[in-house]
Amino acid sequence: MAASSSREAMNKQLLDFIHSMEQEGLVDYRFAKVHMLKESSGPFFFASLLPTFCHDSTATLRDLTVALGQPLLNYHDLGELCFKIKGGAACLGVCRMAHACGQLHQAVQNRATKESLITALNAAKQEFSIMQEKLETLVQLETKIVSNETDCP
């Protein structure tokens with residue numbers, strides 16, 4: 001009974017945390033839907049998806065930084081990288097980051113100056129940094145919940 005109560009408390013804490021992220025405008029309804037996919041995709045789905053998203057986003061932001069450091073900009077490649085990171089964020093429901101990446105993508109499509117692109121990239125990096133911290137907290141909570149569920153009958 002105590003394990004069930006503890007599990008319920010942790011689930012409530014996790015759902016409240018997601019709700020607070022929605023209230024802050026960091027995520028939209030898609031994020032909660034992705035969380036619910038663990039019901040059909042297995043208990044470790046959400047806890048493994050978030051680090052994958054963070055890893056992929058970090059790599060793409062690094063690639064964008066390197067590409068913007070080149071003497072000649074390849075707008076096609078920049079556009080593809082922007083599209084990739086924006087799509088990943090949007091699919092997960094990380095709307096504020098997706099919006100910042102969309103602004104960067106728009107600047108690339110408009111062939112903005114390198115300085116403008118760097119400013120837009122820095123905004124996307126800032127949104128990712130905010131989300132990464134929140135996602136790490138969520139992974140910790142989700143891991144505790146899953147560990148508790150798999151340990152208990």
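What you see is a predicted model; the values in this text were computed from it and never measured.
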Inset, instruction - Step through the shown structure and confirm whether more than 12 heavy atoms of other residues, nucleotides or ligands are within 6.0 Å of OH on Y75. - result: yes
Inset, instruction - Evaluate the side chain to side chain contact (heavy atoms under 4.5 Å, CB included) criterion for residues F46 and V146: first the C-alpha distance (whole Å), next the side-chain angles of each, then the deciding distance (0.1 Å), finally the verdict. - result: CA-CA 10 Å; F46 194 67; V146 170; over 6 Å; no
Legend entry - E39 side, atom CD; M36 side, atom CE - distance, nearest 0.5 Å: 8.5 Å
Legend entry - Considering all heavy atoms, the nearest F45-V34 contact: CE2-O, 3.8 Å
Inset, instruction - Taking all non-hydrogen atoms of both residues into account, name the closest pair between C101 and I85 and its distance. - result: SG-CG2, 3.6 Å
Inset, instruction - Calculate, to the nearest 0.5 Å, the distance between atoms CD and CE belonging to Q13 and M10 respectively. - result: 8.5 Å
Inset, instruction - Identify the two heavy atoms, one from H105 and one from F83, that lie closest to each other, and give their separation to 0.1 Å. - result: CD2-N, 4.0 Å
Legend entry - N-O pairing of R96 and E24 below 4.0 Å: no
Inset, instruction - To the nearest 0.5 Å, tell me how far F44 CZ sits from K38 NZ. - result: 10.5 Å
Inset, instruction - For S147 and K144, indicate whether the former's side chain and the latter's backbone hold a donor-acceptor pair under 3.5 Å. - result: no
Legend entry - Intermediate values then yes/no, side chain to side chain contact (heavy atoms under 4.5 Å, CB included), H35 and L14: CA-CA 10 Å; H35 177 255; L14 183 121; 3.0 Å; yes
Inset, instruction - Report the C-alpha distance between L92 and L50 in whole Å, list the side-chain angles of each, state the deciding distance to 0.1 Å, and finish with yes or no for side chain to side chain contact (heavy atoms under 4.5 Å, CB included). - result: CA-CA 9 Å; L92 190 57; L50 298 182; 4.0 Å; yes
Legend entry - Distance (rounded to the nearest 0.5 Å) between M97 CE and L61 CG: 5.5 Å
Legend entry - Heavy-atom check, side chain of L104 versus side chain of L78, under 4.5 Å: no
Legend entry - Separation between NZ of K125 and CD1 of I118, rounded to the nearest 0.5 Å: 9.0 Å
Inset, instruction - Calculate, to the nearest 0.5 Å, the distance between atoms CE and CZ belonging to M21 and F31 respectively. - result: 4.5 Å
Inset, instruction - Compare every heavy atom of C95 with every heavy atom of G25, then report the nearest pair and how far apart it is. - result: O-SG, 3.4 Å
Inset, instruction - Answer whether the closest heavy-atom distance between the side chains of L26 and M131 falls below 4.5 Å. - result: yes
Inset, instruction - Keeping the roles fixed (side chain from K114, backbone from Q70), state whether a donor-acceptor pair exists under 3.5 Å. - result: yes
Legend entry - Residue pair V27 / I18: nearest heavy atoms and the distance that separates them: CG2-O, 4.2 Å
Legend entry - Main-chain N/O of A112 paired to N110 side chain as donor or acceptor, under 3.5 Å: no
Inset, instruction - Using distance alone, with no hydrogens and no angle criterion, decide if T60 and S57 have a side-chain donor and acceptor under 3.5 Å apart. - result: no
Legend entry - Heavy-atom closest contact (C54 atom, Q132 atom, distance): SG-CG, 4.1 Å
